[in-house]
Student: 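Structure incoming, see below.
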Amino acid sequence: MLKTKVKPKTASKTTSKEKAELIELYRQMLLIRRFEEQCNVAYRQAKIGGYLHLYIGQEAVAVGFISQLQKQDRVVGHYRDHGYVLALGSDPKAVMAELLGKETGLCKGKGGSMHLYDRDKNFLGGYGIIGGMIGIATGVAFKQRYMQEDGVTLCFFGDGSMNAGLLHECFNMAGLWDLPVIYIVENNKYAMGTALEHHSSETNLAKRASVYGFPSKQIDGMDVLSVRAEAREVIKHVREKREPYFVEAITYRFVGHGAADITDPGSYRTKEELEEWKERDPLESLKAILVGDGVISESELQTMDDEIKAIVKEAARFADESADPPPDALFEDVLA
Amino acid sequence: MLKTKVKPKTASKTTSKEKAELIELYRQMLLIRRFEEQCNVAYRQAKIGGYLHLYIGQEAVAVGFISQLQKQDRVVGHYRDHGYVLALGSDPKAVMAELLGKETGLCKGKGGSMHLYDRDKNFLGGYGIIGGMIGIATGVAFKQRYMQEDGVTLCFFGDGSMNAGLLHECFNMAGLWDLPVIYIVENNKYAMGTALEHHSSETNLAKRASVYGFPSKQIDGMDVLSVRAEAREVIKHVREKREPYFVEAITYRFVGHGAADITDPGSYRTKEELEEWKERDPLESLKAILVGDGVISESELQTMDDEIKAIVKEAARFADESADPPPDALFEDVLA
Amino acid sequence: MAQMNYRDAIRLALIEELDRDERVFLIGEDIGRYQGTFRVTEGLFDKYGPTRVIDAPISEPGFVSMAVGAAMEGLKPVVEMMTWSFGILAMDQIVNHAAKIYYKSGGACPVPMVIRGPAGPGKQLAAQHSHSLETWFAHSPGLKVVLPSTPADAKGLLKTAIHDNNPIIFMEHPQIYGVKGDVPEDPNFKIPFGVADVKREGNHATIVTYSRGVHLSLEAAKQLAEEGIEVEIVDLRTIAPIDMETVFRSVAKTHRAIVVHDDWRFAGFGAEIAAQVQEYAFDELDAPVLRVAGADVPMPYSRVLEKLAVPTEQDIAAAVKRALA
Amino acid sequence: MAQMNYRDAIRLALIEELDRDERVFLIGEDIGRYQGTFRVTEGLFDKYGPTRVIDAPISEPGFVSMAVGAAMEGLKPVVEMMTWSFGILAMDQIVNHAAKIYYKSGGACPVPMVIRGPAGPGKQLAAQHSHSLETWFAHSPGLKVVLPSTPADAKGLLKTAIHDNNPIIFMEHPQIYGVKGDVPEDPNFKIPFGVADVKREGNHATIVTYSRGVHLSLEAAKQLAEEGIEVEIVDLRTIAPIDMETVFRSVAKTHRAIVVHDDWRFAGFGAEIAAQVQEYAFDELDAPVLRVAGADVPMPYSRVLEKLAVPTEQDIAAAVKRALA
Ligand SMILES: Cc1ncc(C[n+]2csc(CCOP(=O)(O)OP(=O)(O)O)c2C)c(N)n1
Ligand SMILES: Cc1ncc(C[n+]2csc(CCOP(=O)(O)OP(=O)(O)O)c2C)c(N)n1
Ligand SMILES: [Mg+2]
Ligand SMILES: [Mg+2]
């Protein structure tokens with residue numbers, strides 16, 4: 001079983017600012033978790049159609065990285081993208097409405113789960129084609145360099161993308177032209193039902209990405225504090241040195257590849273493996289630290305959970321009650 | 001200036017078999033050289049149209065490698081492909097006729113310079129699309145493995161191909177499935193007019209190819225004896241171990257990218273650099289050894305050159321006098 | 001004969017061919033351990049093992065071109081495109097390699113391979129996963145393009161495809177995997193390419209279609225029959241090669257033609273049918289050839305918008321009436 | 001007005017735009033130090049340096065998608081495809097990304113970029129380098145497709161393309177780079193998309209064409225005029241958007257139409273023209289719409305075979321006479 005060797009770090013909880021930040025990390029992960037759970041319900045109710053890929057288990061990666069961004073920075077992701085927009089602060093109502101294909105959705109109901117966009121929150125899209133997001137992110141970073149801005153671009157994708165030719169082409173150009181892009185592979189061990197060792201000739205992905213003239217490293221993607229610490233360093237490096245960086249975040253998804261997945265666990269991974277990883281639940285780990293160190297009490301956490309559940313419920317209600325796009329919308333937005 | 005650090009080796013010329021082999025290496029390189037010179041003439045006479053890429057300067061790579069093949073092995077190449085078929089023993093008449101688009105050509109005049117095929121000689125095609133040959137060769141090696149044969153497949157391409165996404169995808173699959181393919185990049189420092197350091201973020205190509213779970217090495221591509229020695233070892237390794245191998249042969253082209261090239265030398269490389277490399281002419285180096293060590297005399301070499309010139313002249317005559325394909329040929333060979 | 005659905009009929013053809021010829025192998029993303037996204041290859045990994053049923057990395061250009069090379073050397077690859085929308089990544093390998101190697105080698109190297117998988121809209125898969133690409137492939141010489149509408153056709157045409165010596169584009173439709181029908185179990189049952197099938201006879205108008213369009217047209221035909229309009233439905237089954245004779249014969253009887261397909265209308269395959277019918281059956285036509293096709297927009301995710309973007313029975317019935325007006 | 005060739009007219013448009021807007025940059029293979037394969041960008045690397053004129057690695061999918069991302073953030077990339085045959089490798093980036101992002105983002109992210117380069121046969125470049133791909137792109141919503149035939153059109157349309165807010169497919173023709181003509185030097189000179197240009201007036205038949213087809217048709221028109229046949233030549237200039245009004249107006253006058261293009265005939269763009277003319281001008285037609293197009297074969301290398309594979313003046317003249325027979 002491929003598990004990270006990076007040890008979770010404990011937090012320094014000296015200042016009240018730091019305390020608030022820790023709580024905020026937890027709050028964001030919890031929002032994503034509860035939101036995704038609601039999505040699953042809506043999918044079973046056939047309110048959400050098409051493909052639905054949930055982020056449950058991987059919350060620490062998005063939250064840890066995105067917590068370190070500044071407003072001139074940009075984010076691009078693959079189709080498993082709810083976590084990114086929620087961590088960036090998109091309105092859960094507009095996200096849920098998009099998943100239900102409503103006109104009040106982030107993309108007026110035209111994008112759906114795999115194709116969220118939120119320009120105001122610096123999210124330049126979820127992409128349904130493996131590899132696609134890497135090209136887009138590389139171009140966004142190209143613009144940052146071309147205009148001599150100091151922003152950086154985060155690009156999130158899965159281990160399956162390592163085998164897309166486009167990744168190779170873009171990594172080479174990013175290395176050649178020193179683009180301020182941070183490629184983050186969320187290595188959750190499986191591309192759909194194909195295990196890492198069945199799809200990648202080199203299972204150390206940080207090593208695989210090490211030949212394009214820019215640094216790469218492996219990090220523990222299950223521990224949000226560790227992700228945050230690494231993200232801070234990596235983002236600082238890229239912002240200052242103006243060169244790309246590759247990060248392999250070792251993580252795991254606790255749910256099927258897609259909400260429709262009927263072969264999991266069983267056909268390609270075992271129940272035991274899944275259970276073992278669930279013991280490293282990023283929410284549980286942080287909760288243990290927060291409560292153990294007295295940063296927050298169990299009852300405050302309960303209140304937080306209630307609040308978040310209310311937010312998610314409100315998002316579901318909003319989405320339900322929103323109107324479908326009008327027929328004319330079909331022919332709008334084809335050309336700018 | 002990127003020049004190989006591998007030192008040319010001297011030959012062991014103990015046996016008469018070995019002597020004959022050395023002379024044959026020279027003969028093949030000379031045939032290619034004279035053939036290419038004739039092509040250049042035919043191009044200026046507008047007998048050859050389209051794109052014409054000559055192999056002058058790089059002869060040692062094809063000749064050294066191909067000299068070590070067995071009959072169950074296969075070769076695939078990019079569009080700069082005259083050297084491969086000539087080293088494999090294709091009839092120069094049929095090759096030249098193809099370049100003139102005649103029905104007696106290797107491909108009945110339908111392929112042209114970039115697309116030679118000679119199944120009888122195990123050449124499965126020159127390909128005009130950068131990267132294309134890598135996919136084909138990987139598939140040919142896949143068949144060798146699937147059918148549990150002991151053949152190997154050589155795949156020749158240029159440094160420019162290193163940036164094709166397809167290379168990355170195929171290298172991964174070859175590594176994953178242990179395919180008996182030898183990828184040989186002829187690093188002649190330029191992809192058309194773009195220097196290696198302007199197109200590749202990592203200029204050590206053997207290093208760039210080192211992350212797919214199979215061995216890679218850099219060799220001196222200007223010295224045919226060195227190429228032959230390395231080829232022998234690499235082919236033996238792949239034939240026995242059944243895994244891929246990557247070879248970076250450092251070489252140089254003495255002519256423009258294409259016969260039509262009017263910007264060379266000058267716009268992207270200097271006359272001085274070109275002259276410096278010409279001092280390492282693979283024919284001249286081998287000749288010095290052969291004559292110096294008494295393997296062959298100057299006058300025997302002159303006789304050889306006369307014979308080869310006659311062969312090339314005959315090929316030119318044959319091609320000139322051959323008929324164009326008949327009009328009906330247009331619609332033949334579209335479907336098998 | 002056995003009753004089975006379209007998905008199972010395709011699987012049956014694969015099994016028969018895997019059993020018949022050891023050179024036949026399957027390759028594609030998640031066709032093995034995961035049992036196939038649309039479960040067409042369910043059980044085959046267990047039955048034939050990883051040598052014959054290969055889970056590929058997400059490298060469409062890579063494994064398609066690998067299959068081309070293998071085919072040139074005599075293997076018979078059957079590649080699954082998880083959806084044909086991903087085939088867009090492999091256009092160069094398909095159109096500029098698989099389709100051209102036989103010609104550019106002067107007939108020396110045939111490329112006997114099949115690329116199969118679902119193509120078409122209707123599952124709310126949105127802009128990037130809902131393509132019908134038959135028009136692109138039909139436009140490219142050196143390929144054969146197959147679009148079966150029924151389980152029996154799917155089986156018989158896939159068998160022919162695997163026996164063929166050329167690169168075959170085999171497009172299934174995600175909305176008809178569950179459709180049932182009688183399927184011959186005879187392993188020698190094959191359906192030749194380039195032979196259209198009249199799925200319904202009628203005198204008033206000819207509907208030329210394939211794949212899902214056949215089912216839509218049959219539905220529309222029922223409605224129309226209630227109003228006394230009898231349409232003839234020509235299922236092309238393969239659009240390259242194409243059986244225009246059957247179309248012309250039908251038009252000579254009905255004097256009206258309507259083309260139906262999911263793919264975008266503008267410069268879509270319907271245009272070719274219209275162009276040929278007006279060119280070669282000009283004097284037979286009592287009305288222009290009409291097209292019922294996908295709206296010229298990227299596919300929207302919203303269920304209601306997606307419905308508006310694809311042809312319906314109503315659209316077809318309306319077009320037939322317009323042709324008859 | 002200045003006399004210049006098509007190649008120089010394109011370069012002039014690039015220079016004006018590079019000077020006007022710092023967000024405009026050029027990227028492509030060997031467009032810089034090598035001066036461009038067809039020398040369209042000659043001198044621009046020296047003038048604007050490596051930040052504005054970027055030599056790309058041989059990574060068509062890579063640099064096209066990078067340009068898409070840059071365009072989403074407000075830059076104005078002008079990508080050179082060394083030939084459009086290599087554009088086949090970037091179909092996914094063009095058709096499934098550039099063309100769809102505006103729609104799938106619900107109108108949030110326009111993608112203002114131009115991809116330009118030569119497309120078409122005639123230089124003995126053989127099977128893999130001779131594509132005309134306009135049909136594929138015209139078929140794909142979200143793109144505009146431009147095919148200028150003259151130096152003035154090339155300049156005016158390229159300016160419009162760079163000012164446009166959408167992904168533009170700009171196809172030059174390798175055989176007309178040397179063609180000369182008067183070109184307005186006014187940097188404000190632009191030609192709107194979707195406006196066809198009648199390059200010759202006539203009453204007997206309408207030729208609908210673009211790019212090299214215009215020159216062939218003008219030659220054919222001369223021959224025909226000697227026999228008393230006066231053709232009208234409609235140069236579409238852009239096929240998406242398309243100006244069918246001008247075509248219909250001409251057909252209403254001549255009652256006959258012939259479409260001419262280099263691209264393959266089967267499911268080629270001519271089919272769309274034929275389908276629309278027969279649909280919307282059915283009663284105007286005295287003869288079927290005919291197509292003069294590329295042979296449905298991979299392009300052969302042989303000079304004599306290549307000549308047979310592409311349309312000629314004679315083919316056009318013969319088709320016109322057939323339409324008039
Ligand atoms: C080009 C392409 N091929 C195939 C697919 C189908 N597909 C969607 S997700 C997926 C697996 C991706 O796995 P990974 O990148 O590891 O991301 P994860 O789902 O694990 O987050 C596949 C094969 C696709 N979307 N795009
Ligand atoms: C996909 C693709 N893009 C661009 C080209 C045009 N092209 C032909 S050769 C060449 C340079 C290749 O250089 P390299 O691979 O180093 O080989 P060399 O010519 O040096 O032998 C280019 C860009 C092509 N043939 N295919
Ligand atoms: Mg994964
Ligand atoms: Mg080179």
Side-chain angles (χ1 to χ4, degrees), chain A residues 129-135 138 141-142 145 157 159-181 183 185 191 194-218 241-246 248, chain B residues 129-135 138 141-142 145 157 159-181 183 185 191 194-218 241-246 248:
Chain A
I129 299 297
I130 297 295
M133 52 284 170
I134 298 174
T138 306
F142 177 89
R145 183 170 188 94
F157 49 88
D159 49 292
S161 278
M162 292 302 296
N163 307 313
L166 189 61
L167 172 141
H168 175 77
E169 299 189 354
C170 289
F171 280 21
N172 181 52
M173 292 188 300
L176 206 50
W177 299 325
D178 292 327
L179 306 182
V181 56
Y183 298 114
V185 66
T194 302
L196 184 63
E197 61 270 29
H198 291 133
H199 74 67
S200 184
S201 55
E202 166 59 66
T203 53
N204 181 323
L205 302 181
K207 178 172 172 206
R208 223 180 128 176
S210 69
V211 293
Y212 301 95
F214 54 84
S216 70
K217 65 159 64 158
Q218 233 177 26
K241 294 260 171 62
R242 310 313 283 163
E243 67 168 353
Y245 215 114
F246 178 87
E248 176 185 4
Chain B
I129 298 297
I130 296 295
M133 52 282 171
I134 298 174
T138 304
F142 177 89
R145 179 165 194 97
F157 49 88
D159 47 292
S161 278
M162 292 302 295
N163 307 313
L166 189 60
L167 171 141
H168 175 77
E169 299 188 355
C170 289
F171 280 20
N172 181 53
M173 292 187 301
L176 206 51
W177 299 325
D178 292 328
L179 307 182
V181 55
Y183 298 113
V185 65
T194 302
L196 184 62
E197 62 269 28
H198 291 134
H199 74 67
S200 183
S201 55
E202 166 59 67
T203 52
N204 182 321
L205 302 181
K207 176 171 171 208
R208 224 180 126 175
S210 69
V211 293
Y212 301 94
F214 55 83
S216 70
K217 66 159 62 159
Q218 230 176 29
K241 295 263 172 59
R242 309 314 282 165
E243 67 167 353
Y245 215 114
F246 177 87
E248 176 185 3

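Each chain gets a letter, A, B and so on, in the order its sequence line appears, and its residues count up from 1.
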Student: Taking every non-hydrogen pair under 4.5 Å, which of Trp177(A), Tyr212(A), Phe171(A) racks up the most with chain B?
Tutor: Tyr212(A)
Student: Out of Gly175(B), Ser210(B), Ser200(B), return the one with the most heavy atom pairs under 4.5 angstrom to chain A.
Tutor: Ser200(B)
Student: Can you check whether His199(A)'s main-chain N or O pairs, donor with acceptor, with Asn172(B)'s side chain at less than 3.5 Å?
Tutor: yes
Student: Give me the atom names and distance for the closest heavy-atom approach of Leu167(B) to His168(A).
Tutor: CD2-NE2, 3.9 Å
Student: Heavy-atom distance under 4.5 Å to chain B: side chain of Met162(A), backbone, both or neither?
Tutor: backbone
Student: Let me confirm one number: the CG-CG distance from Leu176(A) to Asn163(B), rounded to the nearest 0.5 Å.
Tutor: 8.0 Å
Student: Please check: side-chain N/O of Glu169(A) versus main-chain N/O of Gly165(B), any donor-acceptor pairing under 3.5 Å?
Tutor: yes
Student: Closest heavy-atom contact between Ser201(A) and Val211(B)?
Tutor: OG-O, 4.4 Å
Student: Tell me which of these, His198(A), Glu202(A), Arg208(A), has more heavy-atom pairs under 4.5 Å with chain B than the rest.
Tutor: Arg208(A)
